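Below you'll find the structure, written out as structure tokens, and then a few comments.
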Amino acid sequence: MKTKREDIRNIAIIAHVDHGKTTLVDEMLKQSGVFRENQEVQERVMDSNDIERERGITILSKNTAVFYKGIKINIIDTPGHADFGGEVERVLKMVNGVILVVDAFEGVMPQTKFVLKKALALDLPVITCLNKIDRPEARPEEVIDEVLELLMDLDASDEQLDCPFIFASAKDGFAVNDLTEENKDMSPLFETIIEHIPAPEGDPDVNTQVLISTIDYNEYVGRIGIGKVDNGCLKLNQEAVVVNHHDPDKMNKVRISKLYEFDGLDKVDVKEAGVGSIVAISGIADIHIGDTICGLDGDPVAIPFQKISEPTISMNFMVNDSPFAGQEGKYVTSRHIRDRLMRELNTDVSLRVEDTDSPECLKVSGRGELHLSVLIENMRREGYEFAVSKAEVLYKEDEKGKKLEPIERAFVDVPEEYTGVVIEKLSQRKGELVNMSPITGGYTRIEFKIPSRGLIGYRGDFLTDTRGNGIINTTFEGYEPYKGDIAYRSTGSLIAFETGESVTYGLFSAQDRGTLFIGPGERVYGGMVIGQCSRNEDIELNVCKKKHLTNTRSSSADEALTLVPPRILSLEQALDFIETDELLEVTPESLRIRKRILDPTLRKRANFNRNNQ
């Protein structure tokens, strides 16, 4: 017989990027007494990953738990960026309700719609938290209307439409039920969670079922599976069987050697976990996301796993075979790269890795450029050296054999004076203007439907065109007929002619041809891209060329030469910049762009053939 665990609530916090989810979790942890009074706590304590802290975004879903009036509230902090939507999709099976955080100024944004749609599809109750009401330009009443309109657009049930609204400032540490109330603390939010989020339900007397929704890794205990106990009871040292709804052949007998529950930021050892508990299990080597752990008392029944949205973009990861190969990386062989990518598949359900015709090249598909660039950055920090190709979209065919491509809906917020250049650039990339409306602060919101490939390499241009004042957000719309060819880059590359060390004299002659990516004293090789040409052609330059000394000239004459500071490309900028005939060489110490064909004679022949097709 099914019973309710009234002493537990399981919630996920979902929102668009930068609407304040992680700061809200920080404040809930502080006010529930997780930290000592004298304990020093850094901001965004849940963003524990180095890249998350550097970029100010959440990349991985994370579990924590707080106690309020004797009730344990398990909280899952989720990413807000569309590229990491798979992290949100898979954890929703662990919870019984969601808190939708919406910025009281920005209002409903693309990812708000995406994550809310997934929650409504699972029939989860929603609490809407309007955050950042302390902002002078906040417009909470209008945003409430936007949220209700979105709920109606997504065919929410009457119960979901009747969701409670909470007004909060996570930064100032308060929440209120009504804007006229006095600002005190987060109690109204805790009370609303306990009142409106249903307690987990299950049958403690039937066979155990735990669906694994997240995989963590610890170098001491290995793989850690995290999931919710749906039925039965899980005990330490219990013998169990691992099954998978989507893989009927999988049936592994295991022993539960370590069992944890979450308490604040820590995992605490427990001997037993009942219905509704979110647990972490270690000691099972071959556990994967989507597996169900069942007891041996009856027939093992696997729980179906949430269908994850398909990848839309791919890159080739290959062994670096440049003249400088193997000099900076610790892991450089195809076996190392393959093992690392296969390991990533264990924890990232949105990623796909496929073999290609070459054993030294793997096709890696993900949800977007940021999704793949974070993987590349993690690998280079771990000591891997490899090369990647330009991102390409994944096409499909309809029943009639017609080519279909992924389409994004782009929402662009820019100052009014930049709307013309943004519309012009996106239209050149096959974008279709859907809507345009003024928003507060002298900004205009432009809505486009655009092919995913039209956005590849655009973000750098966008920041330049809007002087860094624009914001662009995208959400996946679906597949539509192919829109035609797009010219990604209107300029060519400056290419090093020979191997050596760049010198001031050679660079001074080269800088008139375009924008340089390197300064003096840097090693280069023939075929390496050293800058962006100002014209629509590739130009080869000798940046290692030194001035010949004569009786009337001294070497100190070079001191008068003035170089323009080089443009140092970040990983994202380099991925945006490269063309289809170029590769990005990634090492722990360097990022180098090079032509796929290093031999200048073969390269000229390939360019000639391409231009005359």
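Note that the coordinates shown come from a computational prediction; the quantities given were computed from them, not determined experimentally. All heavy atoms count here, side chains included; hydrogens, waters and symmetry mates do not.
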Practice prompt. To the nearest 0.5 angstrom, please state how far the CG atom of L372 sits from the CG atom of L351.
Written response: 6.5 Å

Item to complete: For residues P125 and I197, report the shortest heavy-atom separation together with the two atoms involved.
Response: O-CD1, 4.3 Å

Discussion item. Pair E572, S373 - check side chain to side chain donor-acceptor pair (under 3.5 Å), show working.
Written reply: CA-CA 7 Å; E572 273 81 15; S373 74; 2.7 Å; yes

Practice prompt. Evaluate side chain to side chain donor-acceptor pair (under 3.5 Å) for S157 paired with Q160, printing each intermediate quantity in order.
Written response: CA-CA 5 Å; S157 64; Q160 289 166 329; 3.2 Å; yes

Worksheet item: Within the side chain of S389, is there an N or O that forms a donor-acceptor pair under 3.5 Å with the backbone of N316?
Response: yes

Worksheet item: How many angstroms lie between atom CD1 of I99 and atom CG of N131, to the nearest 0.5 angstrom?
Response: 11.0 Å

Fill in: Atom NZ of K403 with >12 non-hydrogen neighbours under 6.0 angstrom
yes

Worksheet item: Between C294 and P300, which heavy-atom pair has the shortest distance, and what is it?
Response: CB-CB, 3.8 Å

Worksheet item: Quick check: does any side chain N or O of E377 sit under 3.5 Å from a backbone N or O of L571, one acting as donor and the other as acceptor?
Response: no

Discussion item. Tell me whether D355 is salt-bridged to R338, with the criterion being a basic N under 4.0 Å from an acidic carboxylate O.
Written reply: yes

Discussion item. I'd like to know if E261 pairs up with K72 as an ion pair, taking the criterion as any Lys NZ or Arg NE/NH1/NH2 lying under 4.0 Å from an Asp or Glu carboxylate oxygen.
Written reply: yes

Discussion item. Is any side-chain heavy atom of I14 closer than 4.5 Å to one of V101?
Written reply: no

Worksheet item: Minimum heavy-atom separation for L259 to I281, with atom names?
Response: CD1-CG1, 3.8 Å

Worksheet item: Does G276 offer a backbone N or O that forms a donor-acceptor pair with the side chain of N10 under 3.5 Å?
Response: yes

Discussion item. Working to the nearest 0.5 angstrom, can you tell me the gap between H371 NE2 and S365 OG?
Written reply: 10.5 Å

Practice prompt. Go through the steps for D203 and N231 under the test side chain to side chain donor-acceptor pair (under 3.5 Å), then give the verdict.
Written response: CA-CA 5 Å; D203 190 338; N231 287 303; over 6 Å; no

Worksheet item: Is any side-chain heavy atom of I127 closer than 4.5 Å to a side-chain heavy atom of V98?
Response: no

Discussion item. Between T64 (side chain only) and N74 (backbone N and O only), is there a donor and an acceptor less than 3.5 Å apart?
Written reply: no

Practice prompt. Could you tell me whether the side chain of L151 reaches within less than 4.5 Å of the side chain of C163, counting heavy atoms only?
Written response: yes

Item to complete: Search all heavy atoms of F386 against all heavy atoms of I337 and return the closest pair with its distance.
Response: CB-CD1, 3.6 Å

Worksheet entry | Distance-only donor-acceptor check, side chains D297 and N207, under 3.5 Å | no

Discussion item. Pair E382, R340 - check salt bridge (Lys or Arg N to Asp or Glu O under 4.0 Å), show working.
Written reply: CA-CA 10 Å; E382 291 165 18; R340 175 63 182 82; 2.6 Å; yes

Worksheet item: Which value, rounded to the nearest 0.5 Å, describes the distance between I215 atom CD1 and R343 atom CZ?
Response: 14.0 Å

Practice prompt. Please report the C-alpha distance between I303 and D230 in whole Å, then the side-chain angles of each, then the deciding distance to 0.1 Å, and finally whether the side chain to side chain contact (heavy atoms under 4.5 Å, CB included) criterion is met.
Written response: CA-CA 9 Å; I303 301 171; D230 280 85; 3.7 Å; yes

Practice prompt. Please say which of V279, T208, N237, I284 ends up in a side chain to side chain contact (heavy atoms under 4.5 Å, CB included) with I256.
Written response: I284

Practice prompt. With the side chain counted from C-beta on, respond yes when I289 and T214 share a heavy-atom pair under 4.5 Å apart, and no when they do not.
Written response: no

Practice prompt. Evaluate the criterion side chain to side chain contact (heavy atoms under 4.5 Å, CB included) for residue pair I212 and I226; output intermediate values, then yes/no.
Written response: CA-CA 5 Å; I212 300 299; I226 299 170; 6.0 Å; no

Discussion item. Main chain of I194, side chain of R9: is a donor-acceptor contact present, judged purely on distance under 3.5 Å?
Written reply: yes

Discussion item. Would K184 pass as a cation-pi partner of F174, given that its NZ or CZ must be under 6.0 Å from the six-membered ring centre and within 45 degrees of the axis?
Written reply: no

Fill in: Shortest non-hydrogen separation from L24 to C129 and the atoms involved
CD2-SG, 4.3 Å

Worksheet item: Does D291 use its side chain to pair, donor to acceptor, with the backbone of I287 at less than 3.5 Å?
Response: no

Worksheet item: Near K250 NZ, under 6.0 Å, is it more than 12 heavy atoms from other residues, nucleotides or ligands?
Response: yes

Worksheet item: Is there a side-chain contact between L189 and Y68, using heavy atoms and a 4.5 Å cut-off?
Response: no

Fill in: Close side-chain approach of P140 and F165, heavy atoms under 4.5 Å
no

Discussion item. If we ignore hydrogens and angles and just use 3.5 Å, is the side chain of S277 paired with the main-chain N or O of A273 as donor and acceptor?
Written reply: no

Worksheet item: Who pairs with E146 by salt bridge (Lys or Arg N to Asp or Glu O under 4.0 Å), at least two apart in sequence or on another chain?
Response: R139

Item to complete: Check S350 against R367 and note the closest heavy-atom contact, atom names and distance.
Response: OG-NH1, 3.6 Å

Worksheet item: Between E191 and K69, does at least one N-O distance fall below 4.0 Å, as a salt bridge requires?
Response: yes

Worksheet item: Taking Q238 for the side chain and K235 for the main chain, is one N or O donor matched with an acceptor at less than 3.5 Å?
Response: yes

Worksheet item: Can you tell me how far CD1 of I278 sits from CD1 of I75, rounded to the nearest 0.5 angstrom?
Response: 10.0 Å

Worksheet item: Under the side chain to side chain contact (heavy atoms under 4.5 Å, CB included) criterion, do V241 and N252 qualify, and how do the steps go?
Response: CA-CA 5 Å; V241 62; N252 303 335; 5.9 Å; no

Worksheet item: Roughly how far, to the nearest 0.5 Å, is the CD atom of E27 from the OG1 atom of T23?
Response: 9.0 Å

Discussion item. Looking only at the side chains, is there a donor atom on one of E408 and S452 sitting less than 3.5 Å from an acceptor on the other?
Written reply: yes

Discussion item. Looking at C361, is its backbone amide N or carbonyl O close enough to the side chain of T356 to form a donor-acceptor pair, meaning the two atoms are under 3.5 Å apart?
Written reply: yes

Worksheet item: What pairs with H336 under ring pair (Phe, Tyr, Trp, His ring centres under 6.0 Å), at least two apart in sequence or on another chain?
Response: Y331

Discussion item. Using the side chain to side chain contact (heavy atoms under 4.5 Å, CB included) criterion, which residues pair with A410? Sequence neighbours excluded.
Written reply: F448, I450, T474

Practice prompt. Start with the C-alpha distance between T333 and V319, add both sets of side-chain angles, then the distance that settles side chain to side chain contact (heavy atoms under 4.5 Å, CB included), and finish with yes or no.
Written response: CA-CA 6 Å; T333 65; V319 173; 6.0 Å; no

Worksheet item: Just wondering, more than 12 heavy atoms not from D299 lying within 6.0 Å of its CG?
Response: no

Discussion item. If the threshold is 4.0 Å, N to carboxylate O, is there a salt bridge linking R5 and D7?
Written reply: yes

